[in-house]
Structure formats: C-alpha cells, structure tokens
Amino acid sequence: MNRAEGEASCGFRRLLHDRWSCRAFLPDQVPDGVITEMFTMAQRTASWCNVQPWQVHLTKGEGTRRFAAGLAAYVETRPPAAPDLPMPEEYRGVHRERRRGAGHALYAALGIARTDREAREEQYSKNYAFFGAPHVAVVTTARDQGVYGAVDCGAYVTNLLNAATSLGVATIPQAAIARYADHVREHLRIPEDRLVVCAVAFGYADTAHPVNAFRTARADVADVVFVVDG
C-alpha cells in the first residue's frame with residue numbers, strides 16, 4: 001500500500017468512527033451546494049442489478065417546519081398504523097441487550113431516570129419533530145422491488161450518512177416515521193407504488209446540547225463474522 005492509499009484508508013476509517021446520530025440540531029439551513037454534493041455521493045451506492053430503487057422526498061425551510069408540525073400533531077391524536085415494511089415484533093437476546101444499552105446511554109446523557117416514563121416518552125416524541133433538524137429526507141423504495149429494494153435503500157442510507165459526515169453535516173436515520181407512513185405519504189404526495197422506508201434528518205449539530213454527547217457501542221468483529229475455512 002502506497003502513502004496515498006494508506007491516507008485514504010485512514011481517512012475512511014476515521015469517517016466511519018466519527019459518524020454518530022444527532023438528536024439536537026441548530027436551525028441553520030445547509031447550503032444547496034452541500035446538499036447536492038451529499039446526494040451525488042450517495043447516488044454511487046451499489047444496488048441489485050443496478051436498479052437503484054430509492055427515491056427521496058427532501059424538505060427544507062418552511063417545508064420542513066410544516067412537515068414536522070403536521071406529523072407531530074398527527075401522532076398525538078392517532079395510534080400508529082401498519083408501516084409499509086414490517087417492523088420487528090420484539091427484540092430478543094443480544095439484540096435486546098444492544099437496544100437497551102443504546103437507550104440507557106441516551107437517557108443517562110439527558111439525566112432522565114429509568115423510571116421517569118413521562119420524560120422518556122417526551123424525548124421519544126422528538127422523533128416526530130425531527131429533533132429540530134432543518135432538513136428531512138424521506139427515503140422510499142419501489143413497491144415491486146420487494147425485500148431487495150429495501151436492502152438497497154439501506155445501503156443508500158448508509159452512504160448518505162457517511163457522505164454527510166464527510167461534509168461536516170450531522171444526521172440521524174429515523175425509522176419511527178414509518179409507523180405513520182399513511183400521513184407521510186399524504187403530506188409528501190408519495191405515490192402508492194412507493195414504500196416508505198425511513199427518514200434521514202440532517203443539518204448542523206447543536207454540540208452544546210447534552211443529548212449529542214453520548215455514543216453507542218459496536219459489537220466486536222468476532223461476534224458477527226464467522227469464518228468458514230475448508
């Protein structure tokens with residue numbers, strides 16, 4: 001590996017290490033040129049047979065404020081409807097442990113006691129105001145592409161998050177909005193042949209907010225990679 005290759009490898013490693021999910025944003029809009037660069041990079045995502053099934057509905061300015069206000073009001077008065085894509089019915093074993101670990105770290109950063117259900121629910125409800133982000137990207141997949149369309153969209157979202165990080169833009173991927181896909185579809189006029197996968201809220205991080213101080217852990221490689229030799 002030459003010097004340039006080594007620097008590129010280190011840079012990519014640092015990018016993956018530095019990305020985190022932002023839960024408090026400044027109101028500043030991201031410049032259009034930066035947004036274009038983010039999505040241009042994400043468009044290089046590999047997909048099954050190069051079908052590129054993702055589409056994005058992007059909000060900014062007053063469009064984000066209307067979307068957030070409408071969704072938050074809708075959530076207050078209605079139970080979740082069926083999402084377009086099935087969600088886990090429950091979390092078991094190590095998946096439950098990882099989920100709980102992330103939740104405990106979040107609430108600890110905010111000083112919310114484990115028994116304070118009201119405060120925990122209030123924090124969760126901020127999902128539907130997009131944590132104050134000035135931009136929201138709702139990612140959809142083609143209905144006729146099935147599971148692999150959703151898998152491709154997951155790869156696209158990952159690249160979008162990393163592209164944003166490389167440009168100094170904070171992000172958080174949000175599956176919570178998929179619980180209200182009916183409202184999201186109506187508000188954004190998403191065609192029926194599209195399935196709502198998730199949202200990515202983005203902008204510039206409010207680094208002074210305590211919620212942005214915690215980080216989640218990652219499993220060891222040995223826990224997830226099983227080598228078959230021979």
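Sequence positions, counted from 1, serve as the residue numbers for this chain. Basis for what follows: all heavy atoms, side chains included, without hydrogens, waters or symmetry-related copies. Bear in mind that the values here come from a model prediction, so they are computed numbers and not experimental data.
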Donor-acceptor pair, distance only, cut-off 3.5 Å: does the side chain of [X] make one with the backbone of [Y]?
X    : Y    : value
T59  : V136 : yes
N212 : A24  : yes
Q174 : F130 : no
D152 : S47  : no

With sequence neighbours excluded, what pairs up with Y124 under the side chain to side chain contact (heavy atoms under 4.5 Å, CB included) test?
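Result, side chain to side chain contact (heavy atoms under 4.5 Å, CB included) vs Y124: N127, Y128, A176, R179.
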Return yes when atom [atom1] of [X] has more than 12 non-hydrogen atoms of other residues, nucleotides or ligands closer than 6.0 Å, and no otherwise.
X   : atom1 : answer
Q43 : CD    : yes
W48 : CH2   : no
E62 : CD    : yes

Give the C-alpha distance, both sets of side-chain angles, the deciding distance and a yes or no for side-chain contact (heavy atoms from CB on, under 4.5 Å) between F202 and L160.
CA-CA 10 Å; F202 68 92; L160 180 62; over 6 Å; no
Do the side chains of [X] and [Y] get close enough for a salt bridge, i.e. N-O under 4.0 angstrom?
X   : Y    : answer
E97 : R100 : no
R78 : D182 : no
D84 : R143 : no

Which word best sums up how the rings of Y74 and Y180 line up, parallel for under 30°, tilted for 30 to 60°, or perpendicular for over 60°?
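Y74 vs Y180 ring planes: perpendicular.
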Shared hydrophobic cluster for V197 and I177 (ILVMFWY, side-chain gaps under 4.5 Å)
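Per the 4.5 Å side-chain linkage, V197 and I177 are not co-clustered.
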Between R23 and S21, do the side chains contain an N or O donor and an N or O acceptor separated by less than 3.5 Å?
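Checked: R23/S21 side chains show no N/O donor-acceptor pair below 3.5 Å.
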Can you confirm whether the side chains of R194 and T140 place a donor and an acceptor under 3.5 Å from each other?
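There is such a pair between these side chains.
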Only counting residues at least two apart or in another chain, list the ones meeting salt bridge (Lys or Arg N to Asp or Glu O under 4.0 Å) with R117.
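Result, salt bridge (Lys or Arg N to Asp or Glu O under 4.0 Å) vs R117: E121.
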Could you give the distance from CD1 (I112) to CD (Q123), rounded to the nearest 0.5 Å?
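Taking CD1 in I112 and CD in Q123, the distance rounds to 5.5 Å.
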At what distance, to the nearest 0.5 angstrom, does CZ of R99 lie from CZ of R92?
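That separation rounds to 14.0 Å.
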Can you list the steps and then say if L58 with F39 is a side-chain contact (heavy atoms from CB on, under 4.5 Å)?
CA-CA 11 Å; L58 176 64; F39 286 94; 4.2 Å; yes
